[in-house]
Every structure is written in C-alpha cells, then in structure tokens.
Colleague: 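Take a look at this one; I'll ask things after.
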Number of protein chains: 2
Amino acid sequence: MVPDALPALKSHHSGKDILAETPAYDLIELFFFAYRDFVSDPDRILDEYGFGRAHHRVLHFVSRNPGLTIAELLDILRITKQSLNRVLKELIEKDFIESRMGTADRRQRLLFATPQGGELALKLAKLQTRRIMRALSGMEPEAKDAVSRYLLSLIDPDSSAHVKHLVFGSEET
Amino acid sequence: MVPDALPALKSHHSGKDILAETPAYDLIELFFFAYRDFVSDPDRILDEYGFGRAHHRVLHFVSRNPGLTIAELLDILRITKQSLNRVLKELIEKDFIESRMGTADRRQRLLFATPQGGELALKLAKLQTRRIMRALSGMEPEAKDAVSRYLLSLIDPDSSAHVKHLVFGSEET
DNA sequence: ATTTTATGTCAGCCTTGTTGACATATCTCA
DNA sequence: TGAGATATGTCAACAAGGCTGACATAAAAT
C-alpha cells in the first residue's frame, strides 16, 4: 500500500517528485461525496414533475441561456442528439421549454424556457445555492474565489475558455 | 409556490434578508463542468478493462478501506445491494477484489483489493491527482485547505461526520 | 428455538447514455 | 441553379447502472 497517513499533505524532503505520485485521496473523495449530495436536492423535486437529472441539465442551461441552439446545447452537455432529444421533447411537451425557429438561420431551433420552466429552473438553482451558501458561510470571503478558480482549473484546458465565457460570459452579478 | 424576486434584485449587506437568494450560478455550473471532466480521465482507462464508473467507485473505496464490509460499502455508495452486487461480482470474477468471510461475524464479507486491483485503483487515483495538482498549482497554499473545507461543508450534515472519518481517518473538524 | 441480520440472487423495470441509418429543410458556394 | 454541407429530427437497438420486490441461506442474537 501507499503511505496515506497524511492526506495529500506534502513537504518536500524526499529527493524525487514522489509528490506527484501521492494520490490526493482527500480531495478525490470529498469531491465524490459533495457532488453526490449536491445533486440530490434537485432530484427530489424533479421527481414530482416526472423529470430526471437529464431534464434538469437541459432546463438549467436553456433557462440560463435563452435562445440557445441545439448544437450549442449538445456542446455543453456532451451527449448525443438522440439522448438530448429524448428529454428535450418531454420538456417541450410539458411546456417547460419552447422551441422557436431561428431567425438568421431557419434550420436552427432556438430554445427558451417558458415561464413555468424558468420558475422550476430558478427553484432548483436556489435549492443548490442554499447548500453552497451554507458551505461558504463561516469561510473567509476569499474562499469563494479560491473555490471558483479551483473548479475552473479542474476543467479540461480545451474547454475552460468556453466554460468561462458560458459561466461568466455577459450578464448580471 | 412562492413568487420569487426576479434574478436581478439583490442587496449588498442589508441585514438578514437572505430568503430571496440570488442563485450562485457560477459555482453551480463550474461544479458541473469540473465534475464532468474529473471523472472522464478514469473512464478512458476503465474502458480498457471492461469496467465502468460503478466499478471504479467500488474498487476505490475497497482499496482505500481494506476489509470493508458489504453493508459499509452500501452505506458509502448509497446504492442498493443488487446494484452493488452486479459490479462487485464482476470485480471479484476478474480478480480485482477478493471477498473473505468475516472473522468476528462470519456472515459478513470482508472486501480487499487484490494486487491487480490495488494497482488499478492507484493508477486511477494518480490520474485524478494529476488534474487536482494542476488545478492547485498557482494557487496559494491555503487554497487547498479552503477547497477541502468547502467540499466537506457541501456534504449533508448528517453524513459529514461519517465522511470526515472515512476520508481523514479520525480527527479535526 | 425462534427471530433478526448480512448477504446473495432472480426477475423485471426505468433513465440516460450509446451507435447507426435515414429524412427533411435550409443554407452556402461554385 | 444545382450540388453539397449543415442543423435538426427520428427510428431502432443496445448497454450501463440505477431501482423495486420477492425469496434463500447461514450465522448471530435473543
């Protein structure tokens, strides 16, 4: 077994970069548990609507980015159009998302959350925000920025610019 | 349903009017993208072995906690015994995990990673550690601790003590 | 001796991902 | 204008990994 007495705590005293080889078990496992609980809040509510996590993701990004196209959504979610279409169809049928023909390019479908859809998206976002705020409370103000930068840096460098634009892109506080 | 304020309105530091929280869209979305990429590294390797994420989780926690029982593993993963058994059976058949009868309680099955299993678990942990280290590099030394505390606080308070014990062994807050 | 506990297993269902093939409308460009 | 590229939709089949319910067995606990 690997020495695991101290969680990814490193002091450089050994010659080689054994550091890069000592697994950061703490951050790996905390990430797993945190994510598990983080998505569990919405799950309970989505159930009442007959929706799942896939619906949540679609609704969230459409709600946050009105006029999003299918192609852009596929790029965000990294799933196939068939997978997307299955849940998107349900969201449209149940009137949580509206699909309008593109104006510049009429092949495109521009997606918008309906009032009902926007409300649900907001409700779920607030639920998750409550958990986030509880976690941040009691931490220094700089902590939030540190966490934000950490998460951003975890993302594939290829995607990080895209994500940065998507998340911090153009709007409100 | 509560009529919520439109997304733009919020205050700076006015007392305790936190009920109309402004969604923390940035942390919500960054968490999604970061987790997506974080688990994608192992996926590629697991594929070569004919394993999936479910196998990874089982192998990881067994490898990290030699002698883990079925019940404890179920408690960590929060899945049903049927779901667990499906992947566990494959891990045992392919000789990545060994199941021994309990000594104190002979009804129990104590799980251990085989040499081959421990090797794979370590390989995957190192992969994820590389990503973590890349993210932490360039951040202040306190950042790691902030991230760690943030993730821990995201976890359900009910589970956090258990997780703390599991991850850090047994100490600190 | 009976009941409870820890585990295993069969059978079937659901969600959400996949691939491949094909259809249609629209845009672009030579 | 006509050929091809592009954006989307759809059908069919399959896989992974969740789920429930029912039932079986060995061992511990009472």
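Order of the sequence lines sets the chain letters (A, B, ...), proteins ahead of strands, with each chain counted from 1.
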Colleague: Go through it in stages, so that I can follow the logic: the residues are B:Phe38 and B:Ile132, the test is side-chain contact (heavy atoms from CB on, under 4.5 Å), and I'd like the CA-CA distance, side-chain angles, deciding distance and then a yes or no.
Modeller: CA-CA 9 Å; B:Phe38 184 70; B:Ile132 288 173; 3.9 Å; yes
Colleague: Rounding to an integer number of Å, can you tell me how far A:Ile92 CD1 sits from D:dT8 C1'?
Modeller: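 Taking atom C1' of D:dT8 as the reference, CD1 of A:Ile92 is at 11 Å.
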Colleague: Within residues 76-88 of chain B, which residues have any heavy atom lying less than 4.0 Å from an atom of DNA chain D?
Modeller: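 Residues of residues 76-88 of chain B under 4.0 Å from DNA chain D: B:Arg78, B:Ile79, B:Thr80, B:Gln82, B:Ser83, B:Arg86.
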Colleague: Please give me every residue in residues 31-50 of chain B whose heavy atoms get under 4.0 Å of an atom in DNA chain C, ordered by residue number.
Modeller: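 Per residue number, the list is empty: none.
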Colleague: Just to confirm, is there a sub-4.0 Å distance from OP1 or OP2 of C:dT16 to any side-chain nitrogen or oxygen of A:His55?
Modeller: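 So the side-chain polar atoms of A:His55 do come within 4.0 Å of the phosphate oxygens OP1 or OP2 of C:dT16, strictly under.
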Colleague: Just one of A:Asn85, A:Val87, A:Ile79 clears the side chain to side chain contact (heavy atoms under 4.5 Å, CB included) bar with A:Ser83, so which one?
Modeller: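 The residue from A:Asn85, A:Val87, A:Ile79 that satisfies side chain to side chain contact (heavy atoms under 4.5 Å, CB included) with A:Ser83 turns out to be A:Ile79.
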Colleague: Could you go through the salt bridge (Lys or Arg N to Asp or Glu O under 4.0 Å) check for B:Lys126 and B:Asp41 one step at a time?
Modeller: CA-CA 10 Å; B:Lys126 282 182 180 174; B:Asp41 289 333; over 6 Å; no
Colleague: Counting just side-chain N and O atoms, does A:Arg57 come under 4.0 Å of either OP1 or OP2 of C:dG17?
Modeller: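 For C:dG17, OP1 or OP2 has a side-chain N or O of A:Arg57 closer than 4.0 Å.
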Colleague: Where along residues 104-112 of chain A does a heavy atom fall under 4.0 Å from DNA chain D?
Modeller: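 Heavy-atom contacts with DNA chain D come from A:Arg107, A:Gln108, A:Arg109.
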Colleague: Output a table of donor-acceptor pairs, distance under 3.5 Å, between side-chain atoms of residues 150-159 of chain A and any protein atom two or more places apart or on a different chain; print 'none' if there are none.
Modeller:
unit_1	atom_1	unit_2	atom_2	d
A:Ser153	OG	A:Arg149	O	2.8
A:Asp156	OD1	B:Arg131	NH1	2.9
A:Asp156	OD1	B:Arg131	NH2	2.7
A:Ser159	OG	A:Arg78	NH2	2.9

Colleague: Minimum heavy-atom separation for A:Asp75 and A:His162, please, with both atom names.
Modeller: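 Heavy-atom minimum between the residues: OD2-CE1, 3.1 Å.
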Colleague: Closer to the 5' end of DNA chain D via nearest nucleotide, is it A:Ser99 or B:Met101?
Modeller: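 It is A:Ser99, whose closest nucleotide lies nearer the 5' terminus.
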Colleague: How about B:Phe32 and A:Tyr35: are their ring centroids closer than 6.0 Å?
Modeller: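 No; A:Tyr35 has its ring centre 6.0 Å or more from that of B:Phe32.
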Colleague: Compare every heavy atom of A:Leu122 with every heavy atom of B:Pro23, then report the nearest pair and how far apart it is.
Modeller: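 Scanning both residues completely, I find the closest heavy atoms to be CG-CD1, 3.5 Å.
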Colleague: If I take atom CD1 in residue A:Ile70 and atom C1' in nucleotide C:dT24, what distance separates them, rounded to the nearest angstrom?
Modeller: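 Roughly 15 Å, once rounded to whole Å.
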Colleague: Nearest whole Å is fine: how far is C:dT16 P from B:Arg53 CZ?
Modeller: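 Atom-to-atom, B:Arg53 to C:dT16, this comes out as 14 Å.
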Colleague: Can you give each donor-acceptor pair under 3.5 Å made by side-chain atoms of residues 51-61 of chain B, sequence neighbours left out, with the distance rounded to 0.1 Å?
Modeller:
unit_1	atom_1	unit_2	atom_2	d
B:Arg53	NE	B:Asp43	OD1	3.2
B:Arg53	NE	B:Asp43	OD2	2.9
B:Arg53	NH2	B:Asp43	OD2	2.7
B:His55	ND1	B:Gly52	N	2.9
B:His55	NE2	B:Glu90	OE1	2.5
B:His60	NE2	A:Glu29	OE2	2.7

Colleague: So, B:His165 side chain and B:Gly169 main chain: donor-acceptor pair closer than 3.5 Å or not?
Modeller: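 Yes; at least one donor-acceptor contact below 3.5 Å.
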Colleague: Specify the closest pair of heavy atoms between A:Gly67 and A:Leu110, including all atoms of both residues, with the distance to one decimal.
Modeller: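 Looks like O-CD2, 3.6 Å.
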Colleague: I need the NE2-C1' distance between A:His56 and C:dG17, as an integer number of Å.
Modeller: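 Rounded to the whole Å, the gap is 19 Å.
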Colleague: Is there any salt bridge (Lys or Arg N to Asp or Glu O under 4.0 Å) pair reaching into residues 93-107 of chain B, and which pairs are they, with sequence neighbours excluded?
Modeller: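 Output for this query lists B:Glu98-B:Arg100, B:Asp105-B:Arg107.
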Colleague: To the nearest Å, give me how far apart CG (B:Leu74) and C1' (C:dT7) are.
Modeller: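 Distance, rounded to whole Å: 9 Å.
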